[in-house]
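Residue numbers count from 1 along this sequence.
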Amino acid sequence: MTQSVIVLAQGLLLACLILYYPARVSGLVEPLPMPGILEDCYRYRTKILNVTDMPAHEISAFCVTNFLYKTSHLRPQRPIANETIQYAQELFRQVFGEAMKHHRSKRQFRRRVRQEIRVMSRPMWNTFVSRINMLKNQFVGPNISRYDAFADIHRLVINSAHGGPNFLGWHAVYLILFEQAIGVPVPYWDSRLDFYMDQPTESVLWTSEFFGEGFGAVTNGPFANWYTPDNVPLTRNIGNAGTLISDANVQAVLTRTRHREIVEPNPNPQWSLEIHHNGPHVWVDGQLSALATAAQDPVFFMHHSFVNYFWVLFRRRQRTLGINPATDYPPTNIPLQQAFDRMIPFNLQNFNGYSNQIEGLSTYQPSPTCPTCGGSSYLECVNTRCRSRVGLVPSAAAAGMVGMGGFAGGAAAFTSPSAGGQARAQQTVAQTGPLPIGNRFNTPFSDPRTRGDTIPNAPVRNRGKRSILTNSTTTHFDTAQINKPYQNTFLLNGVSNVNRWSFIPVRIIFERTPKSKFQSFIIKDGHLVETNDMFEAQRHKGLKVEIKKKMPATYSKCHVSGSGASKVYVQTDGIDYSGRYKDYAVVDERLPISSSMTYVGVKNPTEGAAKFYMTAYDSCGRVCRPQCLINGTYQPCSGTFRITSTYPRMYGLSYEDAVKGVWRKGSNLLPESKSNEVPITFFCDAYMKWPWYFD
């Protein structure tokens, strides 16, 4: 065959492809091998474990986070202004110059006392948040406030203060400098007080009395109507993933004696203080969930005040055992985190962050305990444990009364958190567009209440207007996470623009676990047989159904909704671009096998080819196995992909285009699925081997 004939044939083939694949989609989704760093982590974390020891999603989330830490240099961010560095260094000179002056004169340095948020007096709280708002309205340079400048410092240390031993010391110094900037102590958010609520999303903290709105753009409370340096509103999606910290988390860490046992890299995530810290970042979501933007939400500092308290408790235990915490900096080969490396961007070395002098610049009032719970009207003692009371969010009218620098109190009109939150979250999606956040925090731990589960037999809650405080032991609200909208967060290397994203159709095939029950009983000979669930695998006469004794591990408090509806989450993380997208498909756990669809965002390849990693997991923490469309058939693959603008086109340039690329109206006007245009399918089943593909 001559060269001209070959060229002509290629041209005809290309023309046929263009005619067959409509213009609504563009690009090839090509499977790739798993990145070596990610594969090594999976192998290391599962080397001595089997699928019955730990939920697979705990390991997956940990390894994805570890991968993002180690490859952050591949994902550029918004530049950090010189004025930002100078401002942070000036705060450093003020703090440590004053401390050294008192040290030389042997005078007693007045330490700042940090209290749990709900125990401090209202005047103290009002002063604290007003000082933060003052910082938000003072500027260090063109178009950057002092608060935003301080938050940007956290972006400098994604590698040098995360994923290693410098995490503890750097954040301790950072917290002290923030106190210097606002002039008052930073109270701590003890999320254990919310973890043990029936529904932590209903905590009084997520009302105008404290943090403000928890769903969507923050429209009430002291930080209402805040905008980030990327010109998008401060946003949260509480309870969609992750977990708050529990007593068990704290106690697990306090069983250890040396810092090398509680810092990263850590063979046991249960002992890692940093991994436990990641949970609330993910649970709050929005800006707080991403490494590059976390400090843009003031909740960051109250959470880290508690993480530091957590560390102080560990250091006290060390002293009782005769160990000096200041000399216990763990040896490490991690670049920028060795003991004598410079603590960026300050005039300290990393080991200085472990010093007793820095610890001594602040002190903690102990976390409230029963029976008085610190005398706080925002806490209640239930079964010997203090926990937060339930609060109701303000109505739209009340929300209009608040703004930057001011917030409404308990006199406002209040409505159900679920009703108001959903409406505002949907409005935010429509009006504000994507959030410009970068690599996100992740956590191997997850609270089952955050994964779309409902609690069987929960009473319906009264939705009438009430005082901001209600008795959470007697009042219950139907706020199952399955009913909550999810506002996605978008980032493309620091630029927020939905047009730079495209959407891939993903099919979910969900296999019911053998032990699932839904309290839907059969009737036989006129009698209700409560021992036979209609949707449970049974042993019938002449039909033997084998139920395996060992099942993949799930989260300890995993609940199944009474209706059978459950969420399977699909998530993409950029490998050579900065961005995460997450969505979910709703599956029916009652059926032996059910199928559903979702559409997830990745970088638009019209701006250049991109690589990404895709994961899926169900509401109980079981990771689903990826299957890729290769030569017309689905085959196991790693979940790693390259997306390009070459043919065949396998995704949509918008969400609507992605849907149209899969569904079409037949001659009878019924939708028909074009399954050969769905490039990725996840199979969620009761596997007996770890679900990751290494070949």
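For the pair His281 (side chain) and Leu288 (backbone), a donor-acceptor distance under 3.5 Å is present. Side-chain N or O atoms of Gln296 include none that pairs as donor or acceptor with a backbone N or O of Asp148 at under 3.5 Å. The closest donor-acceptor contact from the side chain of Ser638 to the backbone of Leu32 lies under 3.5 Å. Side-chain atoms of Ser596 do not come within 3.5 Å of backbone N or O of Ile508 as any donor-acceptor pair. Between the His276 side chain and the Gln270 main chain, a donor and an acceptor come within less than 3.5 Å of each other. The main-chain N or O of Val232 is never found under 3.5 Å from a side-chain atom of Asp230 such that the two would form a donor-acceptor pair. In this structure, the side chain of Arg236 engages the main chain of Glu213 through a donor-acceptor pair within 3.5 Å. Of the possible donor and acceptor atoms, none in the side chain of Glu264 sits under 3.5 Å from a partner among the backbone N and O of Ser272. The main-chain N or O of Phe503 is never found under 3.5 Å from a side-chain atom of Tyr581 such that the two would form a donor-acceptor pair. Using modelled atom types, one side-chain atom of His162 and one backbone atom of Val157 make a donor-acceptor pair closer than 3.5 Å.
The heavy-atom pair separating Tyr687 from Ala56 by the smallest distance is OH-CB, 3.3 Å. Thr235 and Pro233 get closest at one heavy-atom pair: OG1-O, 2.8 Å. Residues Leu244 and Pro200 approach most closely at CD1-CB, 3.8 Å, considering heavy atoms. The two residues Glu274 and Gly163 make their nearest non-hydrogen contact at OE2-N, 2.8 Å. Across all non-hydrogen atoms, the minimal contact from Ala609 to Asp576 is O-OD2, 4.2 Å. Residues Pro626 and Cys637 share a closest heavy-atom pair of CG-O, 3.1 Å.
Remark: Thr681 OG1 to Arg507 CZ distance equals 5.0 Å, nearest 0.5 Å. To the nearest 0.5 Å, the span separating CZ on Phe167 from CD1 on Ile334 amounts to 13.0 Å. Taking CD1 from Ile59 and OG1 from Thr46, the interatomic distance works out to 6.0 Å, rounded to the nearest 0.5 Å. To the nearest 0.5 Å, the span separating SG on Cys63 from CD on Glu39 amounts to 11.0 Å. Atoms SG and OH, on Cys624 and Tyr617 in that order, are 10.5 Å from each other to the nearest 0.5 Å. From Asp573, atom CG reaches atom CG of Leu38 across 9.5 Å, with rounding to the nearest 0.5 Å.
Counting heavy atoms from C-beta outward, Pro636 and Gln627 have side chains that approach closer than 4.5 Å. The side-chain heavy atoms of Phe215 and Thr201, taken from C-beta on, include a pair separated by under 4.5 Å. Under the 4.5 Å side-chain criterion, counting only non-hydrogen atoms from C-beta, Leu234 is in contact with Pro298. The closest side-chain heavy-atom distance from Phe195 to Ile245 is not below 4.5 Å. Val600 is not listed as a side-chain neighbour of Gln571, based on a closest heavy-atom distance of 4.5 Å or more. Contact annotation: the side chain of Val602 never approaches that of Val29 to less than 4.5 Å [non-hydrogen atoms, C-beta and beyond]. Looking at Arg580 and Leu68, their side chains come closer than 4.5 Å, going by heavy atoms from C-beta outward. Put simply, the side chain of Ile509 does not reach to within 4.5 Å of the side chain of Tyr634, judged on heavy atoms.
Here the rule is side chain to side chain contact (heavy atoms under 4.5 Å, CB included) with Tyr42, and of Trp690, Phe67, Trp692 only Trp692 fits it.
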ask   = Between Arg75 and Thr71, is a side chain to side chain donor-acceptor pair (under 3.5 Å) present by the stated rule, with each step listed?
value = CA-CA 8 Å; Arg75 294 174 285 277; Thr71 60; 2.8 Å; yes
task = Go through the steps for Val568 and Phe682 under the test side chain to side chain contact (heavy atoms under 4.5 Å, CB included), then give the verdict.
result = CA-CA 10 Å; Val568 172; Phe682 280 94; over 6 Å; no
message = With side chain to side chain contact (heavy atoms under 4.5 Å, CB included) as the criterion, how do Val678 and Met597 come out once you've worked through the C-alpha distance, each side chain's angles and the decisive distance to 0.1 Å?
response = CA-CA 10 Å; Val678 179; Met597 290 287 298; 4.1 Å; yes
request  = With side chain to side chain contact (heavy atoms under 4.5 Å, CB included) as the test, would you mind laying out the steps for Thr572 and Phe641 before giving the verdict?
outcome  = CA-CA 10 Å; Thr572 63; Phe641 301 92; over 6 Å; no
query = After noting the C-alpha distance and the side-chain angles of Lys611 and Thr640, does the key distance pass the side chain to side chain contact (heavy atoms under 4.5 Å, CB included) rule?
reply = CA-CA 7 Å; Lys611 297 178 183 179; Thr640 309; 5.7 Å; no
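Taking 4.0 Å as the cut-off between side-chain N and carboxylate O, Asp685 and Arg625 count as a salt-bridged pair. Arg43 and Asp40 are not joined by a salt bridge, as no carboxylate oxygen comes within less than 4.0 angstrom of a charged side-chain nitrogen.
With Tyr569 as the aromatic partner, Lys582 meets the cation-pi criteria of under 6.0 angstrom to the ring centre and within 45 degrees of the ring axis.
Taking the six-membered ring for Trp and thresholds of 30 and 60 degrees, Trp283 and Trp206 have ring planes inclined between 30 and 60 degrees apart.
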